[in-house]
Amino acid sequence: MIKKILIANRGEIALRIIRACQELKIKSVAVHSTADSDAMHVRMADESVCIGPANSAESYLSIPAIITACEITGADAVHPGYGFLSENASFAQIVEDHSITFIGPSSEHIKMMGDKITAKKTMRELGVPCVPGSNGSTDTLEEALESAKKITYPVIIKATAGGGGRGMKVATSSDELRKNYHTTKLEAKNAFGNDQVYIEKYLSLPRHIEIQIMGDGNGNALYLGERDCSLQRRHQKILEEAPSPVLNDQIRQNIGSICAKAMAKIKYSGVGTIEFLYENNKFYFIEMNTRLQVEHPVTESIFQIDLVREQIKIASEGTLSFEQDQLKIQGHSIECRINAEKLPDFTPSPGKITAFHSPGGLGVRMDSAIYQGYVIPPFYDSLIGKLIIHAENRESALNRLERALGELIVDGVSTTTQLFQELLLEPDIQNGEYSIHWLEKWLQDKEHKTNL
Ligand code: MV4
């Protein structure tokens, strides 16, 4: 039984976890930097501990500070949220070594999926479809050239320690591969302390579709549909939706059961996301995230389940609350990430919130940690809220989103709200016809038009 959870995070996700704790009658401990003394997660938790200065490296990323905070407060579990230490295998191990429950997968699974070559090899052996490529690291340029010749150009060079868009380069010819190979390796060495790279066929116009899974750590696992996260800018997701506008029940069930079977086989424990590129009606595994994701609420909306509650249940009992055939998709959900950024350049816009009104009504959820008078510090990410819409179908969800965006008031700082109002007017968005490159192209075209 878990009695007290320390939340090693801040912002809206810390609040999200505290809310689950309250409903489960579990005590919550907030940790915070000196810059976050007035933050909402500190106010809402049962207890709080200051763990260091504004700089994340010395606070939210400080393993000794967080372990000490657990010991001071008697917390018997840690929830890492997303970002920060959530996918740090040694943190998970150290927490467990102190007889504290890590609410997340085993350190071994975090490590396995954190190394992209190991992740891909594991998934391939488990029968998950992968992007054709080098099947392991290419240690020399010659190996890379040979592999590229087999799969044909264009190819992409990826760092095994990369992910989320870091440490990749496209090569459209052998000349380009010759030119880029060593620099990608060197950049990987400098950025991650690991110079291993691998080669994949470069997919030119895919969608990013990810499968939500959960496992009990005892060989049972299930899938909770997909999220379409193709609308991104510089590898930051902007809008996510579930179900994907391009999948049908049969395709969903097919890829979903492949994922669930794979997770059952490795005895995965906790929630996780298997990321795919989807092109020409085929899925290609790229990465797995071993954490709760920012966009988890769209899955919660269409399945009417609480993913954080499930995480806590898995960590404490090693069981799942339902079986696959009890999970039925209801309606459609869309999430908009509201960032404190100034358009058109997305420049961070920290500062004091002078007025805040959260949208409400049927099918409207706003996950946010801001309040009137709150000062957004300049040290962390710019996410200030997630507006999550649920409706009976996609068309109604888009309509409800338009209504809800109109109700949102955030004064004192600039926000990305208007971006979504403009996106809603686009036929491609209305029709669900977009790839991973749609948003950047649209933003570029828009910039071009204003310069005319
Ligand atoms: C790719 C790809 C095309 N082909 N892999 C970018 C982030 C990382 N998760 C994987 N990424 C990509 N991998 C192959 N073989 C294109 C991307 C990519 C991308 C992927 C998902 C969402 C947005 C993206 C934007 C640019 C590139």
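Counting starts at 1 for both ligands and their atoms, following the listed order.
At a 3.5 angstrom cut-off on N or O pairs, H437 does not count as close to ligand 1. Residue L203 has at least one N or O atom closer than 3.5 Å to an N or O atom of ligand 1. Checking only distances, Q232 never comes within under 3.5 Å of ligand 1, N or O to N or O.
The single protein non-hydrogen atom nearest to atom 13 (N) of ligand 1 is K158 NZ, 3.1 Å, given as residue, atom name and distance. When only non-hydrogen protein atoms are considered, atom 8 (C) of ligand 1 lies nearest to E287 OE2, 3.3 Å. With respect to atom 18 (C) of ligand 1, the closest heavy atom belonging to the protein is I436 CD1, 3.5 Å. From the protein, the heavy atom lying nearest to atom 25 (C) of ligand 1 is H235 CE1, 3.6 Å. For atom 21 (C) of ligand 1, the closest heavy atom belonging to the protein is H208 ND1, 3.5 Å.
Atoms of ligand 1 lying under 4.0 Å from any heavy atom of E200, numbered from 1 in the order shown and given with element: 5 (N), 14 (C), 15 (N). The distance from ligand 1 to the heavy atoms of V131 drops below 4.0 Å at these ligand atoms: 15 (N).
Residue E440 places every heavy atom at 4.0 Å or more from ligand 1.
Ring pair Y380/F84 is perpendicular by interplanar angle, where above 60° counts as perpendicular and below 30° as parallel.
Remark: the D345 side chain and the T347 side chain contain no N/O donor-acceptor pair separated by less than 3.5 Å. For N399 and S396, the side-chain atoms include no donor-acceptor pair closer than 3.5 Å.
When each of H41, E300, H79 is tested with R16 by the rule side-chain hydrogen bond (donor to acceptor under 3.5 Å, both in side chains), just one qualifies, namely E300.
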Query raised in the report: Going through the checks in order, is the ring pair (Phe, Tyr, Trp, His ring centres under 6.0 Å) test met by F283 and Y278?
Result: CA-CA 5 Å; F283 281 95; Y278 183 75; 4.6 Å; yes
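Counting heavy atoms under 4.0 Å from ligand 1, residue K201 touches it through the backbone alone.
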